[in-house]
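Below you'll find the structure, written out as structure tokens, and then a few comments.
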Amino acid sequence: MTHPLQLPCSEGVVLARKHVDAPCARADEKWILLSTIAGSSMAFIDGTVVNLALPALQRELGATLTELQWIVEGYALMLAALLLVGGALGDRLGRRRVFVAGVALFGSSSVGCALASGVPMLVAMRALQGVGGALLVPGSLALISASIPEARRGRAIGVWSAFSAISSGLGLVLGGFLIDALSWSAIFWINVPLAALTILLALWKVPESKDEAAIGHLDWRGAFLASAGLAGLTFGFVESGHLGWSSSWVIGAIAGGALLLGAFIAVERRVESPLVPPSLFRSRGFTGANLLTLFLYAALAGSLFFLPLDLVQVQGYSAIEAGAATLPFVGLLFVLSRWSGGLVDRFGARPPLLAGTLLAAAGMAALALPGVGGGYVATFFGPLIVLGLGMALAVAPLTTTVMSAVSADKAGAASGINNAVSRIASVLAVAVFGPVMLLVFQSSLDARLAELGLTAEATASVQQRSADLAGLVIPDAVPESARDEVSAAVRAAFVDGFRVVALLCAGLSLAATACAALLIPAKLAPPATGSPE
């Protein structure tokens, strides 16, 4: 049996879960959804718009591929590493309280990003944004799970997914306009009004909730081991493109990160209140959903990190055109996520997850087809439609599977774990695919330069700038007569690298399909309170 969930309505009546159809409960659910959508939209908009700004950041700040990776990873790393802490703090201190604190920190650090004058300051402010995101992201889903009854939770999560997606789409178009019309710094100001609106709604209409059964001190030792381990792996993979795989720094960081993560797993088995309760993974559905999340979101992050660079630097799109190019993807998430959330209530989670991950794999593989040039409809429109359809089918059922596999009093921990897995997937994907992209790009560029018959000096001058990928500025040592050919070789080499990354991402999505087939239960069954499925 589950404990009654107490929700204060506008008249001050206390409602138990079994009385959720009262009018004031229904009205409050809309405000809860609006607040959580507004808050989570900041994190989603930030994650997509910053990728769109990468070409401008490379041009205006002179950032290399490694520095671009750190601009993305500084945020993603802190977000992934501290999401577990954010979920646990919400369960203990109050989910609304921690959610509001995260929104406030996210908004204020966004101002710092907008005012950054160089890459180091921008990376530092992005890391602070990640801390704020780690508090607000798990809180958004935990508030939905704790405040909305199970009978309507799947559809509510679908609404949350849909509106979060459309806000990301609108953010891309607005962000692209701001980048073209003003500067990359303007995109961070988008978060300020969203933060103010979210805080107002949360304090006004969202009820407080916490896990009254939470005991013991917060697992700070586990938090440190997880954060340090993930940081070690990220540093090693990102810097491998700059320092080389034989570097003692790279080898030591990867080995040390792996050891720290192993120590984290050992610690979680022994502490009184672990960040990652081992008991949750007794549920096959919870375990399978998190493995599926790892593969699917790594695939998505790997492909979407390089897509804006391809559109702007290779295909010649403006920032607003690149943002608009992805609207079919986010538009399908908006239109279909609520519907796919309802599919779980009718058919279970496995069928939409199987179909969604297969379609996502097809869309990612199709992104490998376009070369240099060609109209949008004939090149990227179709792959993004297929990818959007696949993700729309998968996202809401995946989230519902995770949240339904645990009891309501563990909602914060479950949300934190799943969000952490999705962000860890993104962190590792960007870290790993960066060196892969650079290796293929450099190999392809070397072969193409050899065919041009340049002097050794001209060839070496181009190779020295290969870490800039398609943002490479043709050096003065290249004669005027060969500059167009070298520029074409650079663009073609980037396409070669992007194709390899896209196909690897498609393979990861197929691994997610295998997880859906083998590990996701045919029918979701609510667990008993305080225990896994």
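Just so it is clear, the values below take in all heavy atoms, side chains as well, and ignore hydrogens, waters and symmetry mates. Quantities reported herein were computed from a predicted structural model and do not represent experimental measurements. Numbers for residues simply follow the sequence, beginning at 1.
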Next item on the list: Determine, step by step, whether Y317 and F380 satisfy the side-chain contact (heavy atoms from CB on, under 4.5 Å) criterion, reporting the C-alpha distance in whole Å, the side-chain angles of both residues, the deciding distance to 0.1 Å, and the verdict.
Entry: CA-CA 12 Å; Y317 288 34; F380 293 98; 4.3 Å; yes

Checklist line | Derivation of the side-chain contact (heavy atoms from CB on, under 4.5 Å) call for Q129 and F188 | finding: CA-CA 11 Å; Q129 265 191 321; F188 294 106; 4.0 Å; yes

Checklist line | Test log, rule side-chain contact (heavy atoms from CB on, under 4.5 Å), inputs V421 and Y297 | finding: CA-CA 9 Å; V421 169; Y297 279 84; over 6 Å; no

Checklist line | From CA spacing to verdict: side-chain contact (heavy atoms from CB on, under 4.5 Å), W189, S110 | finding: CA-CA 7 Å; W189 294 110; S110 295; over 6 Å; no

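For the atom pair L327 CG and L384 CG, the distance stands at 10.0 Å (nearest 0.5 Å). The structure places CG of L230 at 10.5 Å from CZ of F264, a figure rounded to the nearest 0.5 Å. Rounding to the nearest 0.5 Å places CD1 of I37 at 12.0 Å from CG of L194. Atom CG of residue L79 and atom CD1 of residue I424 lie 10.0 Å apart, to the nearest 0.5 angstrom. With rounding to the nearest 0.5 angstrom, the OG atom of S426 is 7.0 Å from the CG atom of L300. From L518, atom CG reaches atom CG of L291 across 10.5 Å, with rounding to the nearest 0.5 Å.
Between R126 and V50, some side-chain heavy-atom pair lies under the 4.5 Å cut-off. Using a 4.5 Å heavy-atom cutoff, the side chains of L178 and I190 are in contact. The shortest side-chain heavy-atom distance between L54 and F305 falls under the 4.5 Å cut-off. When side chains are defined from C-beta on, C113 counts as touching L122, because their heavy atoms get closer than 4.5 Å. Using a 4.5 Å cut-off on side-chain heavy atoms (C-beta onward), V462 and L445 make contact. Counting only heavy atoms from C-beta outward, the side chains of I71 and L57 approach each other to under 4.5 Å. Residues V501 and S303 have side chains not in contact (no heavy-atom distance under 4.5 Å, counting atoms from C-beta outward). Considering only heavy atoms from C-beta on, L261 comes within 4.5 Å of L233 through its side chain.
Judged by distance alone, with hydrogens and angles left aside, the side-chain atoms of S109 form no donor-acceptor pair with the main-chain N or O of G112 at under 3.5 Å. The closest donor-acceptor contact from the side chain of S444 to the backbone of F441 lies at 3.5 Å or more, if one exists at all. Side-chain atoms of D180 come within 3.5 Å of backbone N or O of I320 as a donor-acceptor pair. Remark: side-chain polar atoms of T513 are paired, donor with acceptor, to backbone N or O of S509 under 3.5 angstrom. Using modelled atom types, no side-chain atom of D310 and backbone atom of F306 make a donor-acceptor pair closer than 3.5 Å. Side-chain atoms of E321 come within 3.5 Å of backbone atoms of S318 as a donor-acceptor pair (strictly under, hydrogens ignored).
In terms of heavy-atom proximity, A289 sits nearest to L398 at O-CD1, 3.4 Å. The minimum heavy-atom distance linking G356 with L393 is given by the pair CA-CB, 3.8 Å. The nearest pair of heavy atoms linking P328 to I385 is CB-CD1, 3.6 Å. Scanning both residues, T234 and E73, for their nearest heavy atoms gives CG2-OE2, 3.6 Å. Listed here is the closest heavy atom pair of V250 and G236: CG1-O, 3.4 Å. The shortest non-hydrogen separation linking L294 to A425 is O-CB, 3.2 Å.
The aromatic rings of F494 and F498 sit parallel to each other, their planes meeting at less than 30°, with 60° as the upper class boundary.
Remark: E67 pairs with no residue by the side-chain hydrogen bond (donor to acceptor under 3.5 Å, both in side chains) rule, at least two apart or across chains. Under the salt bridge (Lys or Arg N to Asp or Glu O under 4.0 Å) criterion, R448 pairs with D496, sequence neighbours left out. For S443, the side-chain hydrogen bond (donor to acceptor under 3.5 Å, both in side chains) test picks out no residue, with sequence neighbours left out.
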Give the table of side-chain donor-acceptor pairs shorter than 3.5 Å for residues 359-374, with sequence neighbours excluded, one pair per line with atom names and distance.
none

For a quick test of your reading: what N or O donor-acceptor pairs under 3.5 Å do the side chains of residues 427-436 make, sequence neighbours left out?
none

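Between the side chains of S487 and R491, a donor-acceptor pair is found at a separation under 3.5 Å.
Sequence neighbours left out, not one pair with a member in residues 370-393 passes side chain to side chain donor-acceptor pair (under 3.5 Å).
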